[in-house]
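First up is the structure itself, then whatever we jot down about it.
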Amino acid sequence: MKSTRRAAYLLCAGAVVVLMASCGEKPEKKAQAFVDAYTKDYQRLSYDVNLAEWASNTRIVEGDTVNAHNSRVAKEAYAQFTGSAENIDATKKFLEHRAEFPKILDRQLDYILYEAANNPASVSDVVKKRIKVETDAVEKLYGYDYKLDGKSVSTNQIDDILRDETNLDKRLAAWETSKGVGKVLRDDLVQLQKYRNATVQPLGYKDYFSYQVSDYGMTSDELRAQMLQIMKELRPLYREIHTWARYELAKKYGVKDVPDEIPAHWLPNRWGQDWTAMVHVKGMDLDSKLKEKQPEWLIKQAESFYVSLGFDSLPASFWAKSSLYPPPPGADWKKNNHASAWHMDLDKDVRCLMSIEPNADWYETTHHELGHIYYYISYSNPDVPIILRRGANRAFHEGIGSMMGLAAMQKPFLQGIGLFPEGTQTDSTQTLLHEALNYIVFIPWSAGVMTDFEEALYGENLPPDQYNSKWWELVEKYQGIAPPDERGPDMCDAATKTHIIDDAAQYYDYAISYVLLFQIHDYIAREILHEDPHATNYYGHKEVGDFLKKILTPGATRDWRELTREATGSDLSAQAMLRYFDPLMKYLQEQNKGRKYTLPDL
């Protein structure tokens with residue numbers, strides 16, 4: 001019944017466009033009327049999808065198919081509308097007159113066509129198949145029962161082992177447990193590769209990767225060239241970190257012969273993307289301080305940070321509707337433990353999905369995720385059309401969240417909120433090393449491994465029997481990490497990463513976001529606070545909030561390059577990041593004297 005009504009509406013909408021054209025009205029007025037009508041259904045259908053997805057992520061019951069069904073139905077309705085032939089044809093016709101339109105109308109029409117390319121009616125059968133596979137794969141991913149020594153364990157428990165355990169056999173068992181879900185998802189990824197490419201090709205995109213990259217106004221080659229440039233700029237520092245880590249970890253585990261590549265299970269993260277647990281900054285043991293707190297304290301503290309900058313308190317609906325903590329012990333259901341922020345209705349309904357526990361990782365994460373929430377709130381204003389209620393680009397969202405997480409971890413900030421007393425003595429070099437093990441280590445993973453794998457997957461139609469070999473080829477090339485054992489073609493270690501299945505061909509967003517993070521942070525520190533970028537305290541500075549609001553409030557109504565130049569005084573560049581970590585270089589070179597360097601140039 002709903003499908004019939006939707007088809008009737010679209011035919012009417014097409015008739016309205018034709019009728020208006022015959023009345024001799026100006027193209028701008030006709031285009032605006034079309035966009036206004038489109039927006040109403042777009043908002044409603046987006047909300048339906050998000051509500052269904054929210055249920056699928058927050059309450060996963062083994063054997064239950066209701067959530068998956070509801071998700072699929074909502075996505076199909078959204079796809080049928082956004083990809084309808086009537087909407088595509090009307091948008092293309094209006095864009096022939098783009099020179100006559102104000103920029104904000106032009107941008108909305110471009111986005112309507114971009115959304116249509118992911119769901120074109122001309123291949124509706126393929127779109128339906130893609131949606132079904134995506135929905136089923138997400139259920140498998142988040143509902144997977146990880147078994148360690150015959151017992152079910154959560155991903156948080158696996159992460160705890162990889163962070164703290166010193167027995168290599170136990171570490172290996174936990175690491176291998178974390179990869180089990182990849183084998184389950186391998187066939188789904190084969191289908192997603194095929195259907196995602198087939199979906200976007202009718203509207204002229206070569207493949208799914210180039211489709212996602214086009215949202216930046218770039219080609220795949222341009223994007224990958226920019227990622228390579230960033231990695232090359234940071235490679236000398238990463239080489240020093242990699243060399244230092246090889247020797248430090250060998251010493252920690254009592255291994256005499258230092259390997260040329262770091263065995264993956266030696267590292268404190270399932271994918272080797274974050275090595276911060278290797279360094280504990282003396283005098284700043286945040287984990288021990290936070291163990292005294294309730295999980296609720298972390299999210300309330302994050303909110304108070306934003307309020308201190310001049311933002312409003314979070315709406316009551318945020319607290320009522322968010323899912324912030326792990327399932328209670330003994331619960332007969334699971335949830336997605338991957339932290340995320342949701343703009344449910346593209347207006348007032350904002351929520352977070354987290355599994356907060358009182359530790360440093362979740363402390364940073366709460367501040368990061370509320371960065372997304374306050375971005376949503378900021379651009380949900382009358383000057384930003386519903387269709388453009390997005391970040392200036394996808395990386396801006398991540399950049400703002402990550403920057404606020406960084407700011408909340410700096411010593412003056414932690415002292416200011418009472419977690420550590422004034423005068424606490426810390427080693428600034430160790431603090432900087434701790435930060436580099438997050439931000440610098442992340443770049444080869446995000447800009448290299450994830451980006452190149454997904455480009456190969458979609459852009460080069462990587463054969464399934466090469467999924468795992470290609471994955472480890474890239475891990476070794478960019479990260480200098482090796483698998484601890486043979487990883488055969490029946491495995492699919494790439495699919496263990498959430499984004500491969502559930503947020504595909506967009507991981508370079510995070511690499512760009514880290515570059516933006518340091519550009520914007522550098523500007524705030526030097527030009528607004530007049531403080532050392534390594535030791536800032538944003539808390540209570542309304543002028544920082546005012547600066548951020550200028551970036552957040554426009555949403556996607558402005559070109560991201562223009563906004564970057566206006567906010568930081570330069571184009572996207574890793575120079576601020578290099579400046580920030582420059583004091584660390586000499587320290588690591590001294591530590592690595594006499595050691596063998598094994599990481600090759602790019």
Side-chain angles (χ1 to χ4, degrees), residues 226-248 262 267-269 272-282 284 360 364 368 395 398-399 402-414 426-448 478-480 510-527 529 531-538 568 570 572-593 595 597 599 601-602:
Q226 185 147 54
M227 293 301 95
L228 182 60
Q229 179 60 32
I230 290 169
M231 287 190 289
K232 282 184 174 180
E233 289 183 60
L234 297 173
R235 194 68 166 182
L237 178 54
Y238 182 68
R239 181 181 287 111
E240 295 295 337
I241 293 170
H242 180 267
T243 303
W244 172 86
R246 285 170 40 240
Y247 282 83
E248 290 299 311
I262 303 172
L267 291 163
N269 176 272
Q273 69 182 65
D274 181 346
W275 305 354
T276 51
M278 288 183 63
V279 170
H280 297 282
V281 181
K282 292 179 181 178
M284 295 287 282
E364 190 276 336
H368 176 120
E398 288 302 322
S402 297
M403 183 184 73
M404 301 307 271
L406 170 69
M409 296 290 281
Q410 293 202 319
K411 179 178 170 182
F413 183 100
L414 294 169
T426 58
D427 186 326
S428 60
T429 300
Q430 289 300 299
T431 299
L432 199 57
L433 176 57
H434 186 267
E435 291 174 339
L437 293 175
N438 175 7
Y439 298 107
I440 299 298
V441 162
F442 184 77
I443 295 297
W445 157 255
S446 55
Y478 289 116
Q479 293 179 281
Y510 296 98
I512 297 170
S513 79
Y514 274 18
V515 175
L516 284 169
L517 178 171
F518 283 96
Q519 275 189 257
I520 297 172
H521 174 71
D522 188 75
Y523 184 90
I524 290 172
R526 297 180 190 277
E527 303 299 328
L529 296 176
E531 294 176 347
D532 180 352
H534 305 94
T536 63
N537 186 0
Y538 290 17
T568 68
S570 68
L572 184 71
S573 167
Q575 288 307 303
M577 200 173 189
L578 282 169
R579 266 198 312 273
Y580 187 91
F581 289 105
D582 183 63
L584 186 62
M585 193 70 170
K586 290 179 182 177
Y587 168 79
L588 288 173
Q589 288 172 336
E590 186 64 31
Q591 294 293 305
N592 289 331
K593 276 186 177 178
R595 291 175 171 176
Y597 290 85
L599 194 71
D601 290 330
L602 294 177

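Throughout, residue positions are numbered sequentially from 1 according to the sequence presented.
A donor-acceptor pair under 3.5 Å is formed between the side chain of Q479 and the backbone N or O of G272. At distances below 3.5 Å, at least one donor-acceptor pair connects side-chain atoms of Q519 with backbone N or O atoms of S573. Although no hydrogens or angles enter the test, the distance criterion places a donor-acceptor pair under 3.5 Å between the side chain of E531 and the main chain of N537. Of the possible donor and acceptor atoms, one in the side chain of N592 sits under 3.5 Å from a partner among the backbone N and O of E240. Looking only at distances, a side-chain donor or acceptor of Q410 sits under 3.5 Å from a matching main-chain atom of P533. Side-chain atoms of H434 never come within 3.5 Å of backbone atoms of V281 as a donor-acceptor pair (strictly under, hydrogens ignored).
Put simply, the side chain of T536 does not reach to within 4.5 Å of the side chain of I524, judged on heavy atoms. The closest side-chain heavy-atom distance from I512 to L572 is below 4.5 Å. Within the 4.5 Å cutoff, the side chain of L578 has no heavy atoms near those of the F518 side chain. Using a 4.5 Å heavy-atom cutoff, the side chains of W244 and R595 are in contact. Residues E435 and L406 are in side-chain contact: their nearest non-hydrogen atoms beyond the backbone lie under 4.5 Å apart. Y538 has its side chain within reach of M403: a pair of non-hydrogen atoms, C-beta onward, lies under 4.5 Å apart. In this structure, T243 and L599 have side chains that are not in contact, with every pair of non-hydrogen atoms separated by 4.5 Å or more. In this structure, the side chains of W275 and E248 stay at 4.5 Å or more apart for every pair of heavy atoms.
A distance of 8.5 Å separates CE of M231 from OG of S446, quoted to the nearest 0.5 Å. Between the CG atom of L433 and the CZ atom of F581 there is a distance of 9.5 Å, given to the nearest 0.5 Å. To the nearest 0.5 Å, atoms CG (D522) and CZ (R579) are separated by 4.5 Å. Expressed to the nearest 0.5 Å, how far CE of M278 lies from CG of L267 amounts to 7.0 Å. Interatomic distance, L588 CG to H242 NE2, rounded to the nearest 0.5 Å: 13.0 Å. For the atom pair F442 CZ and T276 OG1, the distance stands at 12.5 Å (nearest 0.5 Å).
The two residues N438 and D274 come nearest to each other via the heavy atoms CA-OD1, 4.1 Å. Heavy-atom minimum distance, S402 versus H368: OG-CE1, 3.2 Å. Taking all atoms of both residues into account, the shortest heavy-atom contact from V441 to Y238 is CA-CE1, 4.0 Å. Closest approach of V279 and Q430 over heavy atoms only: CG1-OE1, 3.6 Å. In terms of heavy-atom proximity, L584 sits nearest to A436 at CD2-CB, 3.5 Å. Contact between A511 and M227 at its shortest, heavy atoms only, is CB-SD, 3.9 Å.
In summary, the side chains of S513 and E398 do not present any donor paired with an acceptor at a separation below 3.5 Å, with no hydrogens or angles considered. A donor-acceptor pair shorter than 3.5 Å can be found between the side chains of Q575 and E233. Defined by atom type and a distance below 3.5 Å, a donor-acceptor pair is missing between the side-chain atoms of T431 and K411.
Aromatic pair Y439/Y580: ring centres not closer than 6.0 Å. No close placement of the H521 and Y514 rings is indicated, their centers lying 6.0 Å or farther apart.
For the side chain to side chain contact (heavy atoms under 4.5 Å, CB included) criterion with T429, the lone passing option out of L432, T426, D427 is D427.
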### Query
Yes or no on side chain to side chain contact (heavy atoms under 4.5 Å, CB included) for M577 and L517, after CA distance, side-chain angles and deciding distance?
CA-CA 8 Å; M577 200 173 189; L517 178 171; over 6 Å; no

